[in-house]
There are 2 protein chains.
Amino acid sequence: MPFRFNYIATILEENVSRLTRATIRDVAHAAGVSVGSASRALNGGRNVSARVIEEVAQAAKQLGYQPDFLARSLRTRSSGMVGCLVSDIANPLYAEIVQAAEGRLREAGCLLVVASTGNDPKREQDAVAEFRGRRLDGVLVAPGSDTNEKSWRALAEAGTAVVILDRDPPSSDDGPFPSVLVDHRGGAVAATRYLLGLGHRRIALLTPGARMRPGRERIAGFRQAFADAGRSLDGALVCPQESSMDFAYSAALAVLEAPARPTAVIALGTRILAGTLRAARTLGLSIPEDLSVVSVGDTDIAAVHTPAITALRWSLEDVGRAAAELLLQRLKGDGTTAPPRALLPVDLVLRESCAPPTRT
Amino acid sequence: MPFRFNYIATILEENVSRLTRATIRDVAHAAGVSVGSASRALNGGRNVSARVIEEVAQAAKQLGYQPDFLARSLRTRSSGMVGCLVSDIANPLYAEIVQAAEGRLREAGCLLVVASTGNDPKREQDAVAEFRGRRLDGVLVAPGSDTNEKSWRALAEAGTAVVILDRDPPSSDDGPFPSVLVDHRGGAVAATRYLLGLGHRRIALLTPGARMRPGRERIAGFRQAFADAGRSLDGALVCPQESSMDFAYSAALAVLEAPARPTAVIALGTRILAGTLRAARTLGLSIPEDLSVVSVGDTDIAAVHTPAITALRWSLEDVGRAAAELLLQRLKGDGTTAPPRALLPVDLVLRESCAPPTRT
DNA sequence: GATGGATTTGGAAACGTTTCCAATTCCTCT
DNA sequence: AGAGGAATTGGAAACGTTTCCAAATCCATC
């Protein structure tokens, strides 16, 4: 059928000269069918004859046809894009989650757009609005603060599927969102119980604060482990603090210089761990003889340090993938079922940084 | 004008009941103007009377109108989105770049979509095609391999603005892309010269290989510093190697156990640094007395280690921001000017891990 | 007050899809 | 062979914008 080839040649030539891509109209024309049929043939092939599918596929291939997702999205009201909103993408904690989520979403043909908020509620709300304007199909979000009502409201009103990353929505809000939670409480219990089991009684929990779910849960777990063991907890040993490096150092120093110095420390986060290790060195405390250390979060530093630091570990990859999964499920499903909730385990990785306390 | 308020009320009611958002048509109708005028009034206000602008703005506000970016993009052929393609977003190296780029792009009203390729050329090309299909305005990309012709071709044919992150396109290709490069060579020269100046003669360069620009440039800088000093370079001291943690450890071990063991090591990357430090510990070599160490890349480990490790540092934030800047410039401009090229400096951060070699 | 140009306006045509609807074709069964 | 239903098809209407074009209005000048 020379006609078709001529036609294709014509279109190709036009495209080259105009620097414009082939549209489905070109494909349809080249295949000698209507636009509607071409569309049907290209998508799934519901209600099209095999012949048409074949013809269209061939024409599409010859023209190098690539569908325009924008146009499709406009029509179908689904952009095939998902947003991820975290305070700081550069934070390895979030970076790995983003990475894993992107992987799963790509399998489903979704793109992931990222935005960091720098913990600014204003920017959080702006980003949600922006996402909404772009008709993103869903959002993975770790609000910078659990308690900012406005942000939660913005999410509720965004009208897209939402999955929360390791945060607790204010309980009262209308229909909590699906969420992926990490069992920080269980982890803290395990770590504390372990130290108690080694014989430690004065244990310091160095935490950047209880503003958000992870911190809250860890503190709760810490207390719970003491309660379970029938031991009373010296409240002063929970030390909420800022997490800047220098501050962590001086705070750790203060704790370790106290008259009844703790014999074990649970350090939350990279910075606090680093500050603690440095403080221990400054004071000439050797680990684990003079001081046992557990890191919450298994970072490079914990793994590489000498001695290697016992750490609580959870899979960020799982968090990301579970979040993507939940979201996809939400997008497919009718959304009428109760919001699902994934709780991911935390493991205690035993290394060399803990030992029974020496009597002094 | 009760008519208008009634109308607005009607639209709002419809929207609530249909769960559909107000369109520009609604706004125009509510304001009593044509759709065209409404559009003009909402964008910039070129060729519209002040009265119309006012009316439209008010109607838009009352209806909670939010423009639909998809529709706009379809019409204007510009999606306001930029892609970022790297091997691994979770790698802190890239994560920070992404973070910075996103910040700058947001200022310009662009969204950033990310994709990681896992160093798979196939996925790289797929992603470029996907981006193209979504009509992304541009791409920031760090190809997983400098040498894969196909990937470069895919980029060239993508028809979008491209900015390369710290990679060298094959020289011959048609019109190289704008790029943001880091002066790894200069950094390597500085580090090597510094060690030579301290009196070191046997210096090992532990590198994950020369497959990509950063490695190549560092090796070149290393050689150059020797040449500049009029010293001959023992070729064996350049040790290309895989960068898995265990492998890095055993490789470092092998180097440090060699008969004429090097008195200084330049370690490229987190893993190799960690492996080197561990190997030194294993062999009972103390730093810096028995072994001087320079880290290429200023990571947590380098900064926190005891002794703190002297490191080559460059600003990932600058890389990200410069890349975004270049891309935006490219998007605004006619693109006819020569592709710009940003070269970012590398600094040697002096810490405690280097000293003159002891005569043994 | 008519003339002319500049400004503002409304209507409609894109942008590239998908999907609805009616019309056509194709089977199968009487 | 004709009827009836299922499958396929073409044409057109959306989706929500921006932008083009021609018509209408304005304002100053003659």
Side-chain angles (χ1 to χ4, degrees), chain A residues 11 14-15 18-56 59-60 63-81 109 132-137 159, chain B residues 11 14-15 18-56 59-60 63-80 109 132-135 137 159:
Chain A
I11 294 175
E14 278 178 0
N15 285 353
R18 294 191 200 161
L19 284 173
T20 181
R21 321 191 317 192
T23 76
I24 200 175
R25 181 162 282 113
D26 298 328
V27 173
H29 204 155
V33 301
S34 75
V35 177
S37 297
S39 172
R40 281 183 294 253
L42 289 169
N43 309 330
R46 210 78 202 107
N47 281 345
V48 214
S49 69
R51 195 182 56 81
V52 168
I53 292 183
E54 174 58 26
E55 299 267 333
V56 169
L63 292 172
Y65 169 71
Q66 264 197 312
D68 184 321
F69 272 76
L70 283 183
R72 180 199 304 238
S73 301
L74 177 60
R75 178 62 228 229
T76 62
R77 331 184 65 74
S78 145
S79 62
M81 299 190 302
R132 189 177 121 138
R134 305 255 185 183
R135 291 218 128 95
L136 295 209
D137 292 342
Chain B
I11 295 174
E14 280 176 0
N15 285 353
R18 293 192 201 160
L19 286 173
T20 182
R21 320 189 319 191
T23 76
I24 200 175
R25 183 162 282 115
D26 299 327
V27 173
H29 204 155
V33 301
S34 75
V35 177
S37 296
S39 173
R40 282 183 293 255
L42 289 168
N43 310 328
R46 209 82 200 104
N47 280 346
V48 214
S49 68
R51 194 181 57 79
V52 168
I53 293 183
E54 173 59 25
E55 299 265 333
V56 168
L63 292 172
Y65 169 71
Q66 263 196 312
D68 184 321
F69 272 76
L70 284 183
R72 180 199 305 236
S73 301
L74 177 60
R75 178 62 228 232
T76 61
R77 330 184 66 75
S78 143
S79 62
R132 190 177 118 138
R134 305 254 186 185
R135 292 219 128 94
D137 293 342

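Chain letters run A, B, ... following the sequence lines, proteins first, then strands; residues in each count from 1.
Residue-level contact check: B:T76 touches the backbone only, with heavy atoms under 4.0 Å from sugar-phosphate atoms and none from bases.
The line from CG of B:N47 to OG of B:S37 is 10.5 Å long, rounded to the nearest 0.5 Å. Within the model, atoms CG of A:L74 and CZ of B:F69 stand 14.0 Å from one another, a figure rounded to the nearest 0.5 Å. In this structure, CZ on A:R25 lies 10.5 Å from OG on A:S34, to the nearest 0.5 angstrom.
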task: Check the pair A:N43, A:S39 against side-chain contact (heavy atoms from CB on, under 4.5 Å), reporting the backbone distance first and the verdict last.
output: CA-CA 6 Å; A:N43 309 330; A:S39 172; 3.6 Å; yes

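With a 4.5 Å cut-off on side-chain heavy atoms, A:I53 and A:S49 do not count as touching.
Between chain B and DNA chain C, the heavy-atom contact criterion of under 4.0 Å yields a 5' to 3' nucleotide range of C:dT8 to C:dG16.
Checking side-chain atoms of B:R134 against main-chain N and O of A:S79 turns up a donor-acceptor pair under 3.5 Å. The backbone N or O of B:T23 lies less than 3.5 Å from a partner atom in the side chain of B:D26, making a donor-acceptor pair. In terms of modelled atom types and a separation under 3.5 Å, the side chain of B:D137 and the main chain of B:G80 share a donor-acceptor contact. At distances below 3.5 Å, at least one donor-acceptor pair connects side-chain atoms of B:T76 with backbone N or O atoms of B:R72.
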Please tabulate the protein-to-nucleotide N/O contacts below 3.5 Å involving nucleotides 25-27 of chain D, giving atom names and distances.
none

What N/O pairs connect the protein and nucleotides 4-10 of chain D at under 3.5 Å? Give each pair on its own line.
unit_1, atom_1, unit_2, atom_2, d
D:dT9, OP1, A:S49, OG, 2.9
D:dT9, OP2, A:S49, N, 2.9
D:dT9, OP2, A:S49, OG, 3.3
D:dG10, OP2, A:S34, N, 3.0
D:dG10, OP2, A:S34, OG, 3.3
D:dG10, OP2, A:S37, OG, 2.9
D:dG10, N7, A:R40, NH2, 3.1
D:dG10, O6, A:R40, NH1, 3.3

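Using a 3.5 Å distance cut-off with no hydrogens or angles, the side chains of B:R132 and A:Q66 do pair a donor with an acceptor.
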